[in-house]
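Numbering of residues begins at 1 and proceeds along the displayed sequence. In listed order, ligands and their atoms are each counted from 1.
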Amino acid sequence: MKTQVAIIGAGPAGLMLGHLLDLCGIDSVIIENRSKEYVIDRVRAGVLEQHVVDLMVRTGIGERLMREGLRHEGVYLAFGGTRRYINFVEHTGKAIWVYGQNEVVRDLIAAREATGRPLHFEAETVVVEGVDSPHPSIRYFHEGETHTLHADFVAGCDGFHGISRPMFPADLLRGFDRVYPFAWLGILAHAAPSSEELVYSLHERGFALFSMRTPQITRLYLQCATDDDIENWPDDRIWSELQMRLSTSDGWKPNEGEIFQKSITPMRSFVAEPMQYKRLFLAGDAAHIVPPTGAKGLNLAVADVRVLAHSLQRYYAGEGEAALAGYSQTCLNRIWKAQRFSWWMTQMLHKQGEGVDFELRRQMAELDYVTSSKAAMTSLAENYVGLDLDVSLPRKV
Ligand code: FAS
Ligand code: PHB
């Protein structure tokens, strides 16, 4: 088989890349090693930046998002028993949208299937060859047979644990890594959200985050130890800890309900440089990981593939290799700013030491400043809603 772009991975990066390439009239094949149900059911991100929402609407896959997504104009930061609101629209003119990654992936899969272009689930990529030549190929095992796909380019959208990044020559690839000394325990509960918008809370017992998925489902997280085990967290302990960390003196607290999903996620910052090796490109978590405190993971993945689709569109429009040269640095400029913001939100909101110590007092002072200074609120707001992304929308070549 032959295609123009072979895409490894059907997460947000791979699926969005396939969607954008299709709009440009560029052929692609998406190869995913997990099942369609697994990819859709994975519980992950929940917040979309304005540019992602605009992209989905303007490229024809935003109808359900507009109907079911929750538009939020800001967030609360809670500390010392009070909640303070940061109004994103007032400071930036932009909002954020709560719409689960599951739903984004569901919409992208439906769009891909409607095009009839190849999207292979449960297809194990066996080997990728020739990425240092103009004719790379992928051998994969699917439906009991081994297939060979010849392509002009390979897009490694296969996440942090995928096979693409390891294909870079060791003397080319540099990894920048920070592992945090805590993790997030996340739950989904059948409980009507008791706040219209998100609440990030610093408490002397640790961080907690109140979020949501629908008017009937609350999404909550609490800081736990990196080596903690979900078995240590029966439902009543989870609710007791969340109430202690989130409840504020004005009487607000999260509603409780049946917990139907719980998991522990480690926290890490990672960036791989560069993001291109000849005909192989990395996008999304294959190239970078952010701590979820800044709600950037999915949004960065979409930004990467917008740049990649635009570069490939220019390549096929006649600009050739020159159109691809800036991909890596264009993405990395934005990725490092998102890394900074995600690190900053994480260090400000997570308990670092034991008891009430210097660190906690410093964090409280930082939160007091950030929520009372117009300049500080504007800075937080413009990073949270997403920094500008100057990449034009796809158009048929
Ligand atoms: P993904 O990991 O989503 O997708 C990669 C795909 O490639 C997967 O489907 C995988 O099965 C497939 N693949 C891997 N190896 C392959 C191979 N050899 N052959 C074929 N396919 C292969 N972000 C936020 O913004 N907020 C959050 O709250 C948040 N929570 C998260 C919780 C968890 C547990 C995790 C792991 C991540 C979380 N993230 C969060 C980040 C997450 O949303 C990612 O940023 C997002 O999924 C990135 O999308 P992709 O780059 O497409 O990678
Ligand atoms: C979520 O709703 O899953 C969510 C929201 C904000 C974050 C992280 C996760 O920073």
Side-chain angles (χ1 to χ4, degrees), residues 6-18 29-36 38-49 52 70 72 75 96-102 104-105 108-109 119-128 138-142 154-167 183-188 193 197-200 207 209-214 217-221 261 263-268 270 282-305 338 341-342 345-346 349 384 386:
I7 300 171
I8 305 176
L15 289 165
M16 182 60 85
L17 178 60
V29 173
I30 303 176
I31 300 166
E32 164 62 45
N33 64 353
R34 297 283 191 154
S35 70
K36 179 174 170 180
Y38 176 89
V39 169
I40 290 175
D41 292 343
R42 256 184 325 211
V43 179
R44 287 186 162 175
V47 170
L48 302 182
E49 292 176 352
V52 175
L70 304 172
H72 285 194
V75 295
I96 56 168
W97 295 68
V98 172
Y99 190 68
Q101 178 169 323
N102 317 67
V104 174
V105 165
L108 283 165
I109 289 173
L119 166 54
H120 301 314
F121 289 103
E122 298 177 81
E124 181 68 35
T125 301
V126 177
V127 67
V128 181
I138 293 183
R139 240 189 359 265
Y140 63 95
F141 190 73
H142 183 233
V154 177
C157 301
D158 46 351
F160 185 67
H161 301 289
I163 61 168
S164 298
R165 193 174 65 250
M167 285 191 284
W184 276 14
L185 185 157
I187 67 166
L188 285 170
E197 295 179 319
L198 274 58
V199 182
Y200 287 82
F207 167 82
L209 168 59
F210 167 95
S211 183
M212 61 202 74
R213 284 292 176 273
T214 70
I217 295 175
T218 297
R219 175 68 163 157
L220 292 145
Y221 297 91
Q261 193 272 346
S263 62
I264 291 180
T265 302
M267 305 274 280
R268 133 181 261 151
F270 174 79
L282 300 181
D285 277 20
H288 44 74
I289 295 288
V290 283
T293 329
K296 292 286 156 246
L298 184 156
N299 297 292
L300 277 179
V302 172
D304 288 349
V305 296
F341 175 68
S342 303
M345 286 283 280
T346 301
L349 287 159
Y384 200 105

Q: Would you kindly specify which portion of L198 sits under 4.0 Å from ligand 2, judged on non-hydrogen atoms: side chain, backbone, both or neither?
A: side chain
Q. Taking only heavy atoms of G159, which atoms of ligand 1 are found under 4.0 Å from at least one of them?
A. 2 (O), 5 (C), 53 (O)
Q: Would you mind checking which non-hydrogen protein atom is closest to atom 6 (C) of ligand 2, with the distance to 0.1 Å?
A: Y200 OH, 3.3 Å
Q: Could you tell me the separation between the NZ atom of K36 and the CD atom of E122, rounded to the nearest 0.5 Å?
A: 11.5 Å
Q. At a non-hydrogen distance cut-off of under 4.0 Å, which region of P292 contacts ligand 1 (side chain, backbone, both, or neither)?
A. side chain
Q) To which protein heavy atom is atom 4 (C) of ligand 2 closest, and what is the distance rounded to 0.1 Å? A) Y221 CE1, 3.9 Å
Q) To the nearest 0.1 Å, how far is atom 13 (N) of ligand 1 from its closest protein heavy atom, and which atom is that? A) N33 OD1, 3.5 Å
**Q.** Nearest atoms (heavy-atom pairs only) where N299 meets A295
**A.** ND2-O, 2.9 Å
Q | Contact summary for Q261 and S263, nearest pair of heavy atoms | A | NE2-OG, 3.5 Å
Q: Please report which non-hydrogen protein atom sits nearest to atom 52 (O) of ligand 1, along with the residue it belongs to and the distance in Å to one decimal place.
A: A13 N, 2.9 Å
Q) Would you say the side-chain atoms of N102 pair up with the backbone N or O of I40, donor to acceptor, closer than 3.5 Å? A) yes
Q. Hey, mind stepping through L15 and V104 against side chain to side chain contact (heavy atoms under 4.5 Å, CB included) and telling me if it holds?
A. CA-CA 10 Å; L15 289 165; V104 174; over 6 Å; no
Q) In terms of residue, atom name and distance, what is the protein heavy atom nearest to atom 30 (N) of ligand 1? A) R44 C, 3.8 Å
Q. Any N or O of P292 that comes nearer than 3.5 Å to an N or O of ligand 2?
A. yes
Q: Give the atoms of ligand 1, by number and element, whose distance to some non-hydrogen atom of R34 is under 4.0 Å.
A: 11 (O)
Q. Out of H288, Q101, K296, H161, who gets a non-hydrogen atom closest to atom 42 (C) of ligand 1?
A. Q101
Q. Under a 4.0 Å heavy-atom limit, does W184 contact ligand 1 with its side chain, its backbone, both, or neither?
A. neither
Q: Measure C157 to ligand 1 on non-hydrogen atoms and call it side chain, backbone, both or neither using the 4.0 Å cut-off.
A: backbone
(Q) With a 3.5 Å distance limit and no angle check, can you tell me whether D304 reaches the backbone of D285 through a side-chain donor-acceptor pair? (A) no
Q. Heavy atom of V98 under 4.0 Å from ligand 2?
A. no
Q: Report the part of T265 (side chain from C-beta onward, or backbone N, CA, C, O) that has a heavy atom under 4.0 Å from ligand 1; answer both or neither where that applies.
A: side chain
Q. If every non-hydrogen atom of I7 is compared with every non-hydrogen atom of G14, which pair is closest and at what distance?
A. CG2-CA, 3.6 Å
Q) What heavy-atom pair brings P193 and T214 nearest, and what distance separates the two atoms? A) CG-O, 3.4 Å
Q.
Donor-acceptor pair, distance only, cut-off 3.5 Å: does the side chain of K296 make one with the backbone of Y384?
A. yes
(Q) Counting only heavy atoms closer than 4.0 Å, does ligand 1 sit against the backbone of D285, its side chain, both, or neither? (A) both
Q) Considering only the protein, which heavy-atom contact is closest to atom 5 (C) of ligand 2, and what is its distance? A) V47 CG2, 3.5 Å
Q.
Can you give me the closest heavy-atom contact between G11 and E32, atom names plus distance?
A. N-OE1, 4.3 Å
Q) Between F207 and W184, how do the two ring planes meet: parallel, tilted or perpendicular, split at 30° and 60°? A) parallel
Q: Identify, for atom 2 (O) of ligand 2, the protein heavy atom at the shortest distance, and state residue, atom and that distance.
A: S211 OG, 2.6 Å
Q: Tell me which one of G284, P12, G11 gets a heavy atom nearest to atom 49 (O) of ligand 1.
A: P12
Q) What do you reckon, does T125 have a nitrogen or oxygen under 3.5 Å from a nitrogen or oxygen of ligand 1? A) yes
**Q.** side chain to side chain contact (heavy atoms under 4.5 Å, CB included) evaluation trace for V290 with H288
**A.** CA-CA 7 Å; V290 283; H288 44 74; 5.8 Å; no
**Q.** Exam field: side chain D158 to backbone I8, donor-acceptor pair closer than 3.5 Å
**A.** no
Q: Could you tell me whether some N/O pair between I163 and ligand 1 is separated by less than 3.5 angstrom?
A: no
Q. Per the side chain to side chain contact (heavy atoms under 4.5 Å, CB included) rule, which among V302, I96, L298 passes with L48?
A. L298
Q.
Contact between ligand 2 and W184 is defined here as a heavy atom of the residue under 4.0 Å from a ligand atom; is it met?
A. yes
Q) Under 4.0 Å from any heavy atom of G9, which atoms of ligand 1 are there? A) 6 (C), 7 (O), 12 (C), 21 (N)
Q: Give the numbers and elements of all ligand 1 atoms closer than 4.0 Å to a heavy atom of I31.
A: 20 (C), 21 (N)
Q. Which of the numbered atoms in ligand 2 are below 4.0 angstrom from a heavy atom of T293?
A. 10 (O)
Q.
Please list the nearest protein heavy atom to atom 6 (C) of ligand 1 with its residue and the distance rounded to 0.1 Å.
A. E32 OE1, 3.6 Å
Q: Please confirm whether the backbone N or O of R219 pairs with a side-chain atom of R213, one donor and one acceptor, at under 3.5 Å?
A: no
Q: Could you tell me whether a side-chain N or O of H142 sits under 3.5 Å from a main-chain N or O of F121, the two making a donor and an acceptor?
A: yes
Q | R213 near ligand 2 by a heavy-atom separation under 4.0 Å | A | yes
Q. For A301, is at least one N or O under 3.5 Å away from an N or O on ligand 1?
A. no
Q) Considering only protein heavy atoms, which is closest to atom 25 (O) of ligand 1, and at what distance to one decimal place? A) G297 N, 3.1 Å
Q) What protein heavy atom is closest to atom 14 (C) of ligand 1, reported as residue, atom name and distance in Å? A) D158 O, 3.2 Å
Q) W97 versus V52: any side-chain heavy-atom pair under 4.5 Å? A) no
Q: Specify side chain, backbone, both or neither for A295, according to which of its non-hydrogen atoms lie closer than 4.0 Å to ligand 2.
A: both
Q. Which protein heavy atom lies closest to atom 28 (O) of ligand 1, and at what distance to 0.1 Å?
A. Y221 OH, 3.5 Å
**Q.** Nearest-neighbour protein heavy atom for atom 23 (N) of ligand 1, which is reported as residue plus atom name and distance
**A.** A45 CB, 3.5 Å
Q. Minimum heavy-atom separation for A287 to L282, with atom names?
A. CB-CB, 3.9 Å
(Q) side chain to side chain contact (heavy atoms under 4.5 Å, CB included), that's the test. Do V29 and I138 meet it? Break it down for me. (A) CA-CA 11 Å; V29 173; I138 293 183; over 6 Å; no
**Q.** contact_flag R42 ligand 1 heavy-atom lt 4.0 Å
**A.** yes
